[in-house]
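Note sheet for the following structure.
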Amino acid sequence: IGYPSDKQKKSIVVDCGIHAREWIAVAFCQWLVREIINKHRSDAVLQNVLRQVDIYVIPVLNVDGYIYSWTDERLWRKNRSPHDNGACYGVDLNRNFDARWCTTGASPNCSTNTFCGPEIASELESQGLIALINPLRPNVLSYLTIHSYGQYILLPHGYTRDESQNHQELMDVANKAAAKMLALHGKRYTIGSTSVVLYNTSGNSADWTTDINIKFSYTYELRDNGTHGFLLPEDQIKDTCDENTLAVMSMLEHINEN
Ligand code: ING
Ligand code: ZN
């Protein structure tokens with residue numbers, strides 16, 4: 001999504017549904033697209049963004065897993081690739097990227113929920129994301145990957161507690177976005193690096209994008225903070241999408257100006 005331009009445009013990549021059971025994330029990507037399409041004519045900030053930036057939205061990255069979570073197993077997380085001669089299914093796509101792959105918070109065993117896969121980027125879904133992002137470099141300003149649940153805006157890294165170079169700026173941008181969310185519907189989103197506020201993980205997509213110098217790489221964890229978990233009630237879909245659209249817009253404004 002973006003306005004045509006004679007100049008070289010920058011890009012921002014947003015994906016949703018890396019994990020099958022995180023349905024609110026998939027809903028959010030569709031909502032975000034609709035909001036951009038509906039609001040740009042009357043929103044000067046958005047117009048500025050769309051003049052300089054093309055926004056790539058992947059509404060559901062893990063298509064097979066997502067379908068499986070509707071048809072067979074509501075809480076399925078991984079994709080559906082077969083392993084161990086068909087005895088076991090699924091790689092955790094958020095452990096399959098080239099970021100200290102399978103060294104911490106991931107497992108080489110297919111029967112776990114955090115299986116890192118047989119090798120780096122072994123999965124078609126990871127390969128698809130890489131094939132989108134690599135040719136856009138070095139013009140990718142930001143990568144946002146949308147998950148649920150927990151109400152967090154997570155910064156790199158997952159694989160180390162050491163702060164990245166632009167940690168303070170990433171914190172400032174995320175804090176501003178979280179303040180807007182709090183003001184809209186009173187929901188608190190926690191800000192911090194994944195390894196500090198959650199746990200150690202390796203091979204996740206936002207660590208990979210950080211390490212290839214995509215400066216504003218964030219993982220969003222949408223609602224809720226544990227009451228319903230992945231089974232977010234229908235009556236919270238709209239407010240969740242609204243508050244996170246506001247957060248993304250706030251980030252886009254900063255990213256476009258810097
Ligand atoms: N949580 C993320 C997971 O993949 C996470 C947490 C975020 C890990 C960012 C690494 C990087 O485990 C969910 N809900 O998927
Ligand atoms: Zn997830």
Side-chain angles (χ1 to χ4, degrees), residues 13-29 58-66 68-69 73-80 90-107 109 112-117 120-121 123 125-126 129 142-164 167 170-171 174 178 189-212 214 216-232 240 244 247:
V13 176
V14 184
D15 69 41
C16 295
I18 278 191
H19 289 138
R21 63 193 173 187
E22 300 168 9
W23 290 5
I24 184 61
V26 174
F28 172 71
C29 257
I58 306 170
V60 51
L61 191 75
N62 176 8
V63 179
D64 296 352
Y66 183 63
Y68 190 75
S69 74
E73 196 178 323
R74 175 66 186 85
L75 293 180
W76 187 259
R77 166 178 168 99
K78 304 185 287 178
N79 75 352
R80 291 293 302 163
V91 167
D92 182 349
L93 297 173
N94 209 28
R95 300 293 183 275
N96 193 230
F97 290 86
D98 188 3
R100 302 206 191 164
W101 177 76
C102 219
T103 53
T104 177
S107 166
N109 184 342
T112 68
N113 242 343
T114 53
F115 178 39
C116 59
I120 294 171
E123 302 310 291
E125 296 86 348
S126 325
L129 185 64
S142 173
Y143 168 71
L144 306 178
T145 180
I146 315 298
H147 289 251
S148 72
Y149 62 94
Q151 296 174 204
Y152 295 98
I153 300 177
L154 299 166
L155 290 48
H157 283 87
Y159 63 62
T160 177
R161 295 171 73 96
D162 297 347
E163 292 180 0
S164 46
H167 181 80
L170 291 180
M171 287 293 285
Y189 283 67
T190 304
I191 312 303
S193 93
T194 307
S195 51
V196 172
V197 304
L198 283 187
Y199 37 75
N200 282 324
T201 64
S202 54
N204 65 79
S205 63
D207 276 3
W208 169 66
T209 58
T210 300
D211 291 353
I212 59 169
I214 298 178
F216 295 98
S217 292
Y218 291 99
T219 302
Y220 277 60
E221 298 279 356
L222 308 187
R223 292 195 201 178
D224 61 11
N225 56 15
T227 308
H228 304 282
F230 300 111
L231 308 179
L232 188 71
T240 304
N244 284 280

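All values below come from the heavy atoms of this structure, side chains included, with hydrogens, waters and symmetry mates left out. Order of listing sets the numbers, starting from 1, for every ligand and every atom in it.
A donor-acceptor pair is defined here as one N or O able to donate and one able to accept, closer than 3.5 Å; such a pair exists between the side chain of Asn62 and the backbone of Ile18. A side-chain donor-acceptor contact under 3.5 Å links Arg21 to the backbone of Leu75. Between the Thr209 side chain and the Ile214 main chain, no donor and acceptor come within less than 3.5 Å of each other. Although no hydrogens or angles enter the test, the distance criterion places a donor-acceptor pair under 3.5 Å between the side chain of Lys78 and the main chain of Thr112.
A heavy-atom distance below 4.5 Å is not found between the side chains of Thr194 and Pro156. Annotation: side chain of Gln151 is not in contact with side chain of Thr190 (no heavy-atom distance under 4.5 Å).
The only member of Tyr189, Phe230, Trp23 that meets ring-ring contact (aromatic ring centres under 6.0 Å, His included) when paired with Tyr149 is Phe230.
Taking 4.0 Å as the cut-off, Tyr152 does not count as a neighbour of ligand 1 on heavy-atom distance. Not a single heavy atom of Gly105 sits closer than 4.0 Å to an atom of ligand 1.
Of the N or O atoms in Thr219, none lie within a sub-3.5 Å distance of an N or O in ligand 1. Checking only distances, Ser148 does come within under 3.5 Å of ligand 1, N or O to N or O. Residue Asn204 has no N or O atom closer than 3.5 Å to an N or O atom of ligand 1.
Judged by distance alone, the side chains of His147 and Glu22 do bring a donor and an acceptor atom under 3.5 Å apart. Residues Asn204 and His157 have side chains that never bring a donor and an acceptor to within less than 3.5 angstrom of each other. Asn96 and Glu123 form no side-chain donor-acceptor contact under 3.5 Å, judged by distance and modelled atom types alone. Residues Asp15 and Thr145 have side chains that bring a donor and an acceptor to within less than 3.5 angstrom of each other.
When every heavy atom of Leu222 is checked against every heavy atom of Ala25, the shortest pair comes out as CD1-CA, 4.0 Å.
Under a 4.0 Å criterion applied to the non-hydrogen atoms of Arg95, ligand 1 contributes the atoms 3 (C), 4 (O), 12 (O). In the vicinity of His19, heavy-atom distances shorter than 4.0 Å reach the ligand 1 atoms 4 (O), 15 (O). Against a heavy-atom cut-off of under 4.0 Å, Arg77 is close to the following atoms of ligand 1: 3 (C), 4 (O), 12 (O), 13 (C), 15 (O). Atoms of ligand 1 found under 4.0 Å from any heavy atom of Tyr199, numbered from 1 in the order shown, are 1 (N), 2 (C), 3 (C), 6 (C), 12 (O).
Atom 7 (C) of ligand 1 has as its closest protein heavy atom Leu154 CD1, 3.6 Å. Scanning the protein heavy atoms around atom 1 (N) of ligand 1, the nearest turns out to be Glu221 OE2, 2.9 Å. Nearest to atom 10 (C) of ligand 1 among the protein's heavy atoms is Thr201 OG1, 3.1 Å. Atom 5 (C) of ligand 1 has as its closest protein heavy atom Thr194 CG2, 3.9 Å.
Taking 2.8 Å as the limit, the number of protein N, O or S atoms around the Zn ion (ligand 2) is 4.
At a heavy-atom distance under 4.0 Å, only side-chain atoms of Leu198, from C-beta outward, approach ligand 1.
The aromatic rings of Tyr218 and Phe216 lie parallel to each other, with less than 30° between the two planes, well short of the 60° mark.
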